[in-house]
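Here's the structure we're looking at; comments come further down.
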Protein chains: 2
Amino acid sequence: MPANLASALITKLAVSNHLDGEDIRAIQNLRIRERHLGSREIIVADGDRPGECCLIVEGFASRSKTTAAGERQVLSLHIPGDIPDLQSLHLGIMDHDLISLSPCTLGFISHAELTEVTARHPHLAAALWRETLIDGSIFREWIVNVGRRAALQRMAHLLIEVHERLQAVGRTRGGEFSLPITQIDLGDCLGLSVVHTNRTLQALRGERLVETDRSGFNLLDEERLKELAGFDPTYLHLTPSG
Amino acid sequence: MPANLASALITKLAVSNHLDGEDIRAIQNLRIRERHLGSREIIVADGDRPGECCLIVEGFASRSKTTAAGERQVLSLHIPGDIPDLQSLHLGIMDHDLISLSPCTLGFISHAELTEVTARHPHLAAALWRETLIDGSIFREWIVNVGRRAALQRMAHLLIEVHERLQAVGRTRGGEFSLPITQIDLGDCLGLSVVHTNRTLQALRGERLVETDRSGFNLLDEERLKELAGFDPTYLHLTPSG
DNA sequence: GCGCCTTCTTAACTTGGATCAACACGCTCA
DNA sequence: TGAGCGTGTTGATCCAAGTTAAGAAGGCGC
């Protein structure tokens, strides 16, 4: 098993959990099937009943849902170390889509393997359970974001969130991070139209708060952005005790 | 231990999980501390580090969050059988408030007790993990609701959701169910102002889709409401296989 | 029974963000 | 090399929902 597959997971879990040697050995012994995807490919679709979970080793993915009326809403953004469809281990049917945002290296782990390893390592099971709880915590903040923040604050909040999460796994350079997302998708994250997404982004650029290009973002003044968004990092639970 | 405390949990878990005799015995043997609360009391507050989890035996509760700018957003509504702060078992610090919506009977279970029982009964642990995953699934639908549905559809969707959940635990009479929520709180669920919440509710009443009074709702035409909201129940995962 | 407070309701007015419509700027691929 | 497509940008217009304000209607304590 190539070490880099498991190590993405270990790095990520170690952010929010105390892993002991036994946990780490158990992860390293997982049978992980490597797979490479291009950009904008469907990893798991709404209505599927997958038999394995997908670990992001390299690249970005998003979960999204489309209403009966055809409106799309992005539900979450996923970064290396995430297992965005961990829920399929315990919920039979997918209720949304999981799509790659960039070329990705993925590691697939069968449900059977995960069931066995979590039964044998309750502490590791708790760590994964904890990951799904943090997932939920981020969903809650997105409800607040979309429900109660104006466009500018909303966008600032999202960008800071992604930056904090990437920073925790060592994937930022100062305020700069890679996130190859179109304005269409960004709007779908924020519940905004493309046009207004564009205008809002320009406002942030005009204030010299953010720089963007097709491949990522550069937060020019994190302090002022956090102030603007009213950002409180508690909900990310980025320490094992918090 | 009074049977009714544990039985609320058993009823609820049995909706979405196959419980065997051993699981049921384990739940019945849980040490649950009964407590009664009035309406609008804080059960757990943002920033707390609780040492126990709270089971709703009778009554209703909501989770909510207030932004730095002072805007409140309700994150979820909880009904008998729910453990709305199950997350505190694995996330040290609360990132939102949990408040009673009505007079409540609650059952408190210590983290120590839950840790022990989940370690000894992996199948029960999986059932509880599954509950937190369903929680997350409902959060996702709320993101869609607030992000991409117009006020009328949004309100219809919420009312159907609560009806379906209450129906699953046998707490509806036809389209009628109890939910003693003010229009202020309803607006905070939907990301709407009180004034517009009132207008929207009147529109639903005018269409003869819904009747309301202070204590609950009566869905007069579930079919037409579901049609209006574009409701797909998959995300509630109300069967053990789904 | 009276006064107070919260919630509900309605009306008038404002506004943030949606929609519609072009055009510009790369890519990709023939 | 140039057609076509997806994305980004801008301007004009519209509208759903917010805001403000004020009265009505119920519950509750005294």
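Sequence lines set the chain letters: A, B, ... in the order given, protein chains first and strands last, and positions in each chain run from 1. This structure is a prediction, so every number in the text was calculated from the model and none was measured.
- More than 12 heavy atoms of other shown residues, nucleotides or ligands fall within 6.0 angstrom of atom CD in A/Gln202.
- Contacts of residues 142-152 of chain B with DNA chain D (heavy atom under 4.0 Å): B/Ala150, B/Ala151.
- Counting atom types as modelled, B/Arg214 pairs no side-chain N or O with a base atom of D/dG27 as donor and acceptor under 3.5 Å.
- Scanning atom types as modelled, no donor and acceptor separated by under 3.5 angstrom connect the side chain of A/Arg40 and the base of D/dT7.
- Within the 4.5 Å cutoff, the side chain of A/Leu186 has heavy atoms near those of the A/Met155 side chain.
- A salt bridge links A/Glu58 to A/Arg171: one of the charged nitrogens lies within less than 4.0 Å of a carboxylate oxygen.
- Residue A/Gln202 places none of its side-chain N or O atoms closer than 4.0 Å to OP1 or OP2 of D/dG8.
- Within 4.0 Å (heavy atoms only), A/Val194 reaches no atom of the nucleic acid at all.
- Annotation: ring pair (Phe, Tyr, Trp, His ring centres under 6.0 Å) contacts involving residues 56-77 of chain A, sequence neighbours excluded, are absent.
- Straight-line distance from the CG atom of A/Leu192 to the C1' atom of C/dG17: 8 Å, rounded to whole Å.
- For A/His196, the listed nucleotide lying nearest its side chain is C/dG17; candidates were D/dG18, C/dT19, C/dG17.
- In this structure, A/Leu201 atom CG and D/dT7 atom P are separated by 15 Å, rounded to whole Å.
- Counting to the nearest Å, the P atom of C/dC8 and the CD1 atom of B/Ile184 are 6 Å from each other.
- Taking atom CG on A/Leu186 and atom C1' on D/dT7, their separation rounds to 13 Å, with Å as the unit.
- Using a cut-off of 4.0 Å between Lys/Arg side-chain N and Asp/Glu carboxylate O, A/Arg63 and A/Asp135 are scored as salt-bridged.
- Listed nucleotides: C/dT9, D/dT20, C/dG17. Nearest to the side chain of B/Gln183: C/dT9.
- The phosphate of C/dC8 (OP1 or OP2) has no side-chain N or O of B/Asn198 nearer than 4.0 angstrom.
- Regarding A/Arg199, its CZ atom lies at a distance of 13 Å from the C1' atom of D/dG8, rounded to whole Å.
- Protein atom CD of B/Glu71 is 16 Å distant from nucleotide atom P of D/dA17, rounded to whole Å.
- Of the candidates B/Thr67, B/Asp188, B/Asp97, B/Asp188 is the only one forming a side-chain hydrogen bond (donor to acceptor under 3.5 Å, both in side chains) with B/Arg72.
- When the P atom of C/dG16 is taken as reference, atom CZ of A/Arg154 falls 13 Å away, rounded to whole Å.
- Within the 4.0 angstrom heavy-atom criterion, only backbone atoms of the sugar-phosphate kind lie near B/Gly191; the bases stay farther away.
- The nearest whole Å value for the distance from the CG atom in A/Leu101 to the P atom in D/dT7 is 12 Å.
- When distances are taken from the side chain of B/Val195 to each of D/dT19, C/dT19, D/dG18, the shortest belongs to D/dT19.
- The salt bridge (Lys or Arg N to Asp or Glu O under 4.0 Å) search around B/Asp221 returns B/Arg224, not counting sequence neighbours.
- Among the nucleotides D/dG18, D/dG8, C/dC20, the one closest to the side chain of B/Ser193 is D/dG18.
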